[in-house]
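The figures that follow rest on heavy atoms only: side chains count, while hydrogens, waters and symmetry mates do not.
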Amino acid sequence: MHNASPIVTFEKISAASRQPVLWKNRGGVTREIARQASTRDDTFDWRVSVADVDQPGPFSTFEHVDRILVVIRGDQMVIRRDDTALRLACWEPYAFPGEAPITAHLPSGPTRDFNLMVRRAHGRGSVHVHRDAESLAMTDGTAVLYCATGAFSIRALDDDGAPVELEEGDALRIDLDADMAFDVQPTRADSVLIDARIVPFVRATRPSA
């Protein structure tokens with residue numbers, strides 16, 4: 001027997017393919033980038049989306065879900081949770097439980113926000129912001145790389161194939177079952193890439209050949 005080679009799949013998701021839908025509480029509009037549907041019900045194990053926040057008001061609540069939000073357009077958002085107010089500047093990830101009662105205030109006008117939601121029983125999520133050329137190490141799980149501004153070229157290291165080119169608003173979903181590294185190159189000035197990772201607690205296994 002020998003070790004099975006890594007399995008990796010890529011899906012480029014164009015900005016034009018996403019349709020706006022109302023928030024759960026109907027207070028705004030979101031565009032879903034990617035999701036993994038739950039096998040237990042009609043919701044999701046994880047979801048990545050971009051939301052337009054045009055007016056102040058409460059966030060939708062999501063029981064048993066952990067969320068990470070990044071303001072990607074607009075100067076700032078001020079969120080109030082219980083008796084505490086927190087200013088979220090552009091490009092600063094903020095993690096919070098989905099069931100927390102949160103109200104958004106927009107002192108500088110409308111914002112656009114990147115959102116990662118992961119069902120707590122499914123796994124854990126993380127979000128990082130990249131601006132420079134980097135080699136990104138990835139472990140088994142899923143990564144969603146979202147081009148928030150500018151453009152990026154992405155390819156697996158040790159792969160002679162053509163890179164995936166992302167324009168503003170495009171995303172690349174990568175699913176893999178082993179450690180790999182990817183070369184990420186901004187191809188325009190002031191480019192910003194949002195790097196969302198989802199690592200499930202239980203991973204699928206493959207028989208050895």
Side-chain angles (χ1 to χ4, degrees), residues 8-23 27-36 44 46-55 59 67-77 79 87-95 104 106-118 125-138 141-157 159 161-176 180-198:
V8 56
T9 61
F10 300 91
E11 180 187 2
K12 181 178 176 179
I13 306 162
S14 69
S17 68
R18 297 192 293 275
Q19 299 299 317
V21 296
L22 287 174
W23 292 356
V29 170
T30 193
R31 290 171 174 82
E32 186 172 277
I33 299 170
R35 72 154 58 198
Q36 178 169 305
F44 56 82
W46 60 262
R47 189 181 84 171
V48 175
S49 62
V50 172
D52 291 316
V53 185
D54 295 327
Q55 59 187 2
F59 280 14
R67 299 183 61 176
I68 304 176
L69 177 148
V70 185
V71 176
I72 62 174
R73 184 175 297 174
D75 181 59
Q76 63 177 317
M77 172 188 288
I79 62 171
R87 174 184 175 272
L88 304 182
C90 198
W91 310 122
E92 294 181 356
Y94 172 67
L106 308 174
S108 303
T111 66
R112 177 169 290 174
D113 309 329
F114 178 93
N115 293 273
L116 169 65
M117 302 186 194
V118 181
S126 63
V127 172
H128 295 88
V129 177
H130 305 286
R131 294 178 175 84
D132 302 319
E134 293 187 55
S135 174
L136 297 184
M138 298 185 186
T142 300
V144 178
L145 305 180
Y146 174 76
C147 181
T149 65
F152 284 85
S153 178
I154 301 169
R155 69 175 181 86
L157 293 179
D159 184 350
V164 177
E165 305 292 344
L166 300 183
E167 298 286 331
E168 183 171 323
D170 293 340
L172 175 64
R173 174 175 174 172
I174 304 171
D175 293 281
L176 64 164
M180 293 184 68
F182 293 81
D183 180 61
V184 172
Q185 298 285 337
T187 56
R188 293 180 193 163
D190 301 321
S191 295
V192 181
L193 188 77
I194 308 295
D195 175 1
R197 309 283 182 93
I198 305 98

[Y] side chain reached by [X] side chain, heavy atoms, under 4.5 Å:
| X | Y | answer |
| --- | --- | --- |
| Val50 | Arg112 | yes |
| Ile72 | Val192 | no |
| Leu116 | Val144 | no |
| Val48 | Tyr146 | no |
| Met138 | Val8 | no |

[X]: partners by salt bridge (Lys or Arg N to Asp or Glu O under 4.0 Å), with sequence neighbours left out:
| X | value |
| --- | --- |
| Glu134 | none |
| Arg188 | Glu167 |
| Asp113 | none |
| Glu11 | none |

Grab the two heavy atoms, one from [X] and one from [Y], that are nearest each other, plus how far apart they are.
| X | Y | value |
| --- | --- | --- |
| Ile13 | Ala34 | CD1-CB, 4.1 Å |
| Asp170 | Glu165 | OD2-O, 4.5 Å |
| Thr111 | Gln76 | CG2-O, 3.4 Å |
| Ile68 | Ser126 | CD1-CA, 3.7 Å |
| Ile194 | Ala148 | CG1-CB, 4.1 Å |
| Leu106 | Asp54 | CD1-C, 3.8 Å |

With sequence neighbours excluded, tell me which residues meet side chain to side chain contact (heavy atoms under 4.5 Å, CB included) with [X].
| X | result |
| --- | --- |
| Arg31 | Arg18, Pro20, Val29, Asp52 |
| Glu92 | Ala89 |
| Gln36 | Asp45, Trp46, His122, Arg173 |
| Arg155 | Pro163, Asp183 |

Nearest 0.5 angstrom please: [X] [atom1] to [Y] [atom2], how far?
| X | Y | atom1 | atom2 | value |
| --- | --- | --- | --- | --- |
| Leu193 | Asp132 | CG | CG | 11.5 Å |
| Leu166 | Ser14 | CG | OG | 10.5 Å |
| Ile79 | Tyr94 | CD1 | OH | 4.0 Å |
| Phe59 | Asn115 | CZ | CG | 7.5 Å |
| Met77 | Cys90 | CE | SG | 10.5 Å |
| Leu136 | Ile174 | CG | CD1 | 8.5 Å |

**Phe152: partners by ring pair (Phe, Tyr, Trp, His ring centres under 6.0 Å), with sequence neighbours left out** = none
Residues that [X] engages under side-chain hydrogen bond (donor to acceptor under 3.5 Å, both in side chains), provided they are two or more places apart:
| X | value |
| --- | --- |
| Arg131 | none |
| Ser191 | none |
| Ser17 | none |

**Prompt:** Is a side-chain donor or acceptor of Thr149 paired with a backbone partner of Asp190 at a separation under 3.5 angstrom?
**Reply:** yes
**Message:** I'd like to know if Glu168 and Arg73 make a salt bridge, using a cut-off of under 4.0 Å between side-chain N and carboxylate O.
**Reply:** yes
